[in-house]
Amino acid sequence: MVSGDVVKGEGPVGIDELLERVRAGYARVEAREAYEAARAGEALLVDIRYAALRERDGLIPGALVVERNELEWRLDPQGSHRVPEATGHDLRIVVICNEGYASSLAAASLHRLGLDRATDLVGGFQAWRSAGLPVTH
């Protein structure tokens, strides 16, 4: 259930169950895999962390920064407010938040827009940094 919607007849779910449901709808990626895919031009890294975290911890070189509240508008290939990188529904997008929770929900939202190759980074930016991958300040 990629959309994370509650099935009719079921009651509300907690956040842990919701995360489990949305994550079951796609393959998440580890930091090294995301790095290699971006380097090969096979994935667009999208950093949705808010400004204070980016200022505190740094940026992933080459990642597109899109605040979470603008994500769907900026990445919808059919949208009038899309970024130039939003070239089509077949685009592989790796959403990155701070620790890999909000990015799962964001990736599920992108799936609802038809961006079926959207995924997120397990452990988020903190996993990227812990893996010793490039960060700029």
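We use all heavy atoms of the structure for the numbers below, so side chains are in, but hydrogens, waters and symmetry mates are not. Position 1 is the first residue of the sequence, and the numbers go up from there. Small disclaimer: the values here were computed from a predicted structure and weren't measured.
Results of the side chain to side chain contact (heavy atoms under 4.5 Å, CB included) test with I96 over V29, I48, L45 single out L45 as the only residue that passes.
With rounding to the nearest 0.5 Å, the separation of CD1 in I60 from CZ in F125 is 5.5 Å. Remark: L113 CG to L75 CG distance equals 8.5 Å, nearest 0.5 Å. Taking CD from E99 and CG from L53, the interatomic distance works out to 9.0 Å, rounded to the nearest 0.5 Å. Taken to the nearest 0.5 Å, the NE2 atom of H111 stands 6.5 Å off from the OG1 atom of T119. Residue L44 holds its CG atom at 8.5 Å from OG1 of T87, rounded to the nearest 0.5 Å. Note: R32 CZ to W128 CH2 = 8.5 Å, rounded to the nearest 0.5 Å.
Looking at heavy atoms from C-beta onward, E85 lies in side-chain contact with L64 at the 4.5 angstrom threshold. Q78 is listed as a side-chain neighbour of H89, based on a closest heavy-atom distance under 4.5 Å. Counting only heavy atoms from C-beta outward, the side chains of V66 and D47 never approach each other to under 4.5 Å. For the pair V94 and V46, the minimum side-chain heavy-atom distance is 4.5 Å or more. Here the side chains of L91 and R117 are not in contact, with every heavy-atom distance at 4.5 Å or above.
In terms of heavy-atom proximity, G88 sits nearest to P77 at C-CG, 3.5 Å. Taking both residues in full, the closest heavy atoms of R92 and E42 are given as CB-O, 3.4 Å, listed atom of the first, atom of the second, then distance.
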Please output the side-chain donor-acceptor pairs of residues 129-137 that fall under 3.5 Å, not counting sequence neighbours, one pair per line with the distance.
unit_1, atom_1, unit_2, atom_2, d
R129, NH1, D57, OD1, 3.4
R129, NH2, Q126, OE1, 2.6
S130, OG, Q126, O, 2.9

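The pair E20-R28 does not count as a salt bridge, with every side-chain nitrogen at least 4.0 angstrom from each carboxylate oxygen.
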Chi angles and distances behind the salt bridge (charged side-chain N to carboxylate O under 4.0 Å, His left out) call for R54, E67: CA-CA 11 Å; R54 294 191 311 268; E67 296 279 340; 3.1 Å; yes
Trace of the side chain to side chain contact (heavy atoms under 4.5 Å, CB included) decision for V95 with L121: CA-CA 6 Å; V95 182; L121 181 62; over 6 Å; no
Residue pair S104, R23: steps toward the side chain to side chain donor-acceptor pair (under 3.5 Å) verdict: CA-CA 7 Å; S104 295; R23 289 172 175 168; 2.7 Å; yes
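In the hydrophobic clustering of ILVMFWY residues, with side-chain heavy atoms under 4.5 Å counting as a link, L105 and V13 come out together.
Y26 and D120 share a side-chain donor-acceptor pair at under 3.5 Å.
R68 forms no cation-pi arrangement with Y50, by the criterion of a distance under 6.0 Å to the ring centre and an angle within 45° of the ring axis.
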